[in-house]
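The structure is given below, and queries will be raised subsequently.
Below, chain A is the first sequence line, B the second, and so on; all start at residue 1. This structure is a prediction, so every number in the text was calculated from the model and none was measured.
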There are 2 protein chains.
Amino acid sequence: MTRDNDPDRSVSQTVRALLSLRDLILSGALAPGERISELSMVERTGASRTPVRMALVRLEEEGLIEPIPSGGFSVKAFTEADIFDAIEVRGAMEGLVARAAAQRGVSDAALADIRDCLAEIDVLIDAMESSLEHFSDYVRLNARFHAALHELSGSPVMIRQAERAGALPFASPSGFVMAQSALPQARTILIVAQDQHRCVVEAIANREGERADAIMREHARLARRNLQLALENQTTLDLVAGSALIRRAR
Amino acid sequence: MTRDNDPDRSVSQTVRALLSLRDLILSGALAPGERISELSMVERTGASRTPVRMALVRLEEEGLIEPIPSGGFSVKAFTEADIFDAIEVRGAMEGLVARAAAQRGVSDAALADIRDCLAEIDVLIDAMESSLEHFSDYVRLNARFHAALHELSGSPVMIRQAERAGALPFASPSGFVMAQSALPQARTILIVAQDQHRCVVEAIANREGERADAIMREHARLARRNLQLALENQTTLDLVAGSALIRRAR
DNA sequence: CGATGGTTTTTTGTATACAGAACCATATCG
DNA sequence: CGATATGGTTCTGTATACAAAAAACCATCG
């Protein structure tokens with residue numbers, strides 16, 4: 001109401017503040033360890049203190065910020081080890097959802113849906129043969145596949161937990177973007193990942209819970225190795241979101 | 001400030017409101033599905049609307065309440081299946097932390113600490129031979145053991161996730177209380193669980209990650225079977241916290 | 001020149017006021 | 001008699017005011 005610099009008036013202030021703050025943290029505009037003053041966030045988000053405060057509580061619960069004993073919050077600093085651990089957690093959770101889906105069985109419709117998703121990813125990987133132009137589309141689709149996989153478990157509790165497991169940046173196998181120069185490696189990684197995607201879906205279709213679990217854990221290990229490679233050799237792979245979070249650790 | 005019905009003045013209003021609300025939900029004073037009006041919570045907790053609102057946001061993030069599309073929150077209703085799933089999730093997470101602890105190795109001091117914890121539980125189980133008087137102590141100690149196990153992983157990310165996995169009521173193997181009449185079965189359960197506790201600690205000490213993982217998963221399966229038994233035959237075992245949450249499902 | 005104490009300023013925690021939306025009940029019209 | 005409009009009531013979402021605590025700053029003293 002002070003100024004009408006509203007980018008979108010249809011969304012509630014609370015949601016706007018949450019998205020703004022999360023973006024500020026993930027983009028690195030707020031340095032790890034930096035104290036978050038409510039007032040400055042009011043200035044940056046345009047919302048009042050109340051929505052900002054609610055967003056801060058949510059972000060604390062999400063794990064992106066942590067409370068300061070004397071009051072207020074600071075941006076949480078993640079180490080490389082934290083990221084690796086998050087990937088492992090995600091692997092364990094996705095192994096569990098895959099196993100559960102296989103054991104309980106899934107509807108043909110759901111199976112068809114997720115296979116469609118796989119097919120779309122195939123198309124995208126083909127399109128990326130010459131350029132990485134559509135990489136962000138791939139990231140989106142990949143996230144959709146994983147969400148669909150969670151859904152196959154049919155368990156709200158597991159879905160919720162699996163989603164939270166990926167809350168940390170880089171927890172997804174595709175949570176980094178590749179430089180043009182790394183095209184061959186990039187495609188190889190994507191193709192292997194896609195193969196695992198396909199395998200897990202078939203394992204679920206065949207009711208092989210143990211195998212589905214194993215595949216998703218292996219999938220996470222692949223992601224871990226790739227991230228490690230990316231960190232050791234950042235000329236070929238360049239980290240995208242939240243690079244500031246990890247900056248402090250190197 | 002309206003009335004000084006403050007039970008404890010040393011704690012902040014926010015924390016008081018959070019604890020009050022959580023207790024109201026877990027105790028069943030608020031029925032599953034029931035809408036939570038901020039105003040009534042203000043009356044019940046003695047805090048103002050702002051702390052109540054913050055507590056509500058936290059509880060939503062915890063998963064105990066869910067937002068109503070038209071605004072506000074309602075108490076989440078859990079089914080028996082949800083509880084079983086939560087136990088499985090916890091099993092997966094504790095398997096992971098045990099595996100991680102084994103792979104990374106733990107300090108002798110930490111190992112001694114958790115072994116002390118085991119010894120204390122042994123004493124308590126012995127004391128329960130004739131009566132279940134100290135059962136609540138056992139529940140507390142068991143929680144401490146599991147927390148200590150999480151700590152062994154040495155990973156803040158894993159610890160955090162493991163703790164959240166147990167957020168749902170009953171997710172712990174000892175999340176139910178036993179009636180006096182069930183003393184023999186109760187002790188058997190506790191003894192088997194304690195055996196698994198001991199085995200996982202030894203597996204970690206011997207750096208057997210795979211085995212430590214398997215044991216904790218089996219531990220969860222035991223908890224699941226016991227809960228199932230308790231639900232089928234509630235004359236022998238009686239559910240404690242959050243019985244209202246599950247009431248709707250039966 | 002450094003340390004210490006007091007003062008000022010900022011910041012958080014809390015309460016409350018206000019506006020708009022949703023809900024409910026009633027009354028009116030078909 | 002039923003459906004719909006309408007008015008009032010209650011609720012949430014948001015902004016803001018106020019007080020206590022913390023932090024920062026400055027001045028004074030050793």
Exercise. State whether T14(B) places a side-chain N or O below 4.0 Å from either non-bridging phosphate oxygen (OP1 or OP2) of dT14(C).
Key: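 True: T14(B) side-chain N/O within range (under 4.0 Å) of dT14(C) OP1/OP2.
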
Quiz item: Does S70(A) make a side-chain N or O approach to OP1 or OP2 of dA23(D) shorter than 4.0 Å?
Solution: yes

Practice problem: Take atom CZ of F73(B) and atom P of dG13(D), then tell me their distance rounded to the nearest Å. | Solution: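 Value for this atom pair: 7 Å.
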
Quiz item: Does E43(B) reach the main-chain N or O of S40(B) with its side chain, forming a donor-acceptor pair under 3.5 Å?
Solution: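 No, because the side chain of E43(B) does not come within donor-acceptor range (under 3.5 Å) of the backbone of S40(B).
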
Quiz item: Of the candidate nucleotides dA15(C), dG13(C), dA15(D), which contains the atom at the shortest distance from the side chain of E38(A)?
Solution: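 Nearest to the side-chain atoms of E38(A), counting from C-beta on, is dG13(C).
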
Quiz prompt | Protein-nucleotide distance (L56(B), atom CG; dT14(C), atom P), rounded to Å | solution = 15 Å

Self-check item: Check: E163(A)/H150(A) side-chain N/O donor and acceptor closer than 3.5 Å
Solution: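 No donor-acceptor contact under 3.5 Å links the two side chains.
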
Quiz item: Starting at CD of E60(A) and ending at C1' of dT12(C), how long is that distance when rounded to a whole Å?
Solution: 14 Å

Quiz item: Atom CD of Q13(A) and atom P of dG20(C): how far apart are they, to the nearest Å?
Solution: 14 Å

Quiz item: Who pairs with S74(A) by side-chain hydrogen bond (donor to acceptor under 3.5 Å, both in side chains), at least two apart in sequence or on another chain?
Solution: none

Quiz prompt | d(CZ, R16(B); C1', dT14(C)) in whole Å | solution = 12 Å

Exercise. Give a yes or no answer on whether the side chain of E34(A) reaches the backbone of A31(A) with a donor-acceptor pair at less than 3.5 Å.
Key: yes

Quiz item: At under 4.0 Å between heavy atoms, what does I68(A) touch on the DNA or RNA strands: base, sugar-phosphate, or nothing?
Solution: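 No contact.
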
Quiz item: Nearest to the side chain of R49(B) - dG13(D), dT12(C), dT16(D)?
Solution: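 The answer is dG13(D), which lies nearest to the side chain.
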
Practice problem: Please report, rounded to the nearest Å, how far the P atom of dG13(C) is from the CD1 atom of I36(A). | Solution: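 Answer to the nearest Å: 13 Å.
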
Self-check item: Between dT16(D) (C1') and L39(A) (CG): distance, integer Å
Solution: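 For the pair L39(A) CG and dT16(D) C1', the rounded distance is 13 Å.
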
Practice problem: Respond yes when some side-chain nitrogen or oxygen of R53(A) is under 4.0 Å from OP1 or OP2 of dT12(C), and no when none is. | Solution: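 Checking R53(A) against dT12(C): no side-chain N or O falls below 4.0 Å of OP1 or OP2.
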
Exercise. Would you kindly compare R35(A) and M54(A) by the position of their nearest DNA chain D nucleotide and give the one closer to the 5′ end?
Key: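 Taking each residue's closest nucleotide, the earlier one in sequence belongs to M54(A).
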
Quiz prompt | Residue list, side-chain hydrogen bond (donor to acceptor under 3.5 Å, both in side chains) with D23(B), at least two apart or on another chain | solution = none

Self-check item: Side chain of P51(B) (C-beta onward), nearest among dT12(C), dA15(C), dT14(D)
Solution: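 Of all the options, the side chain of P51(B) is nearest to dA15(C).
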
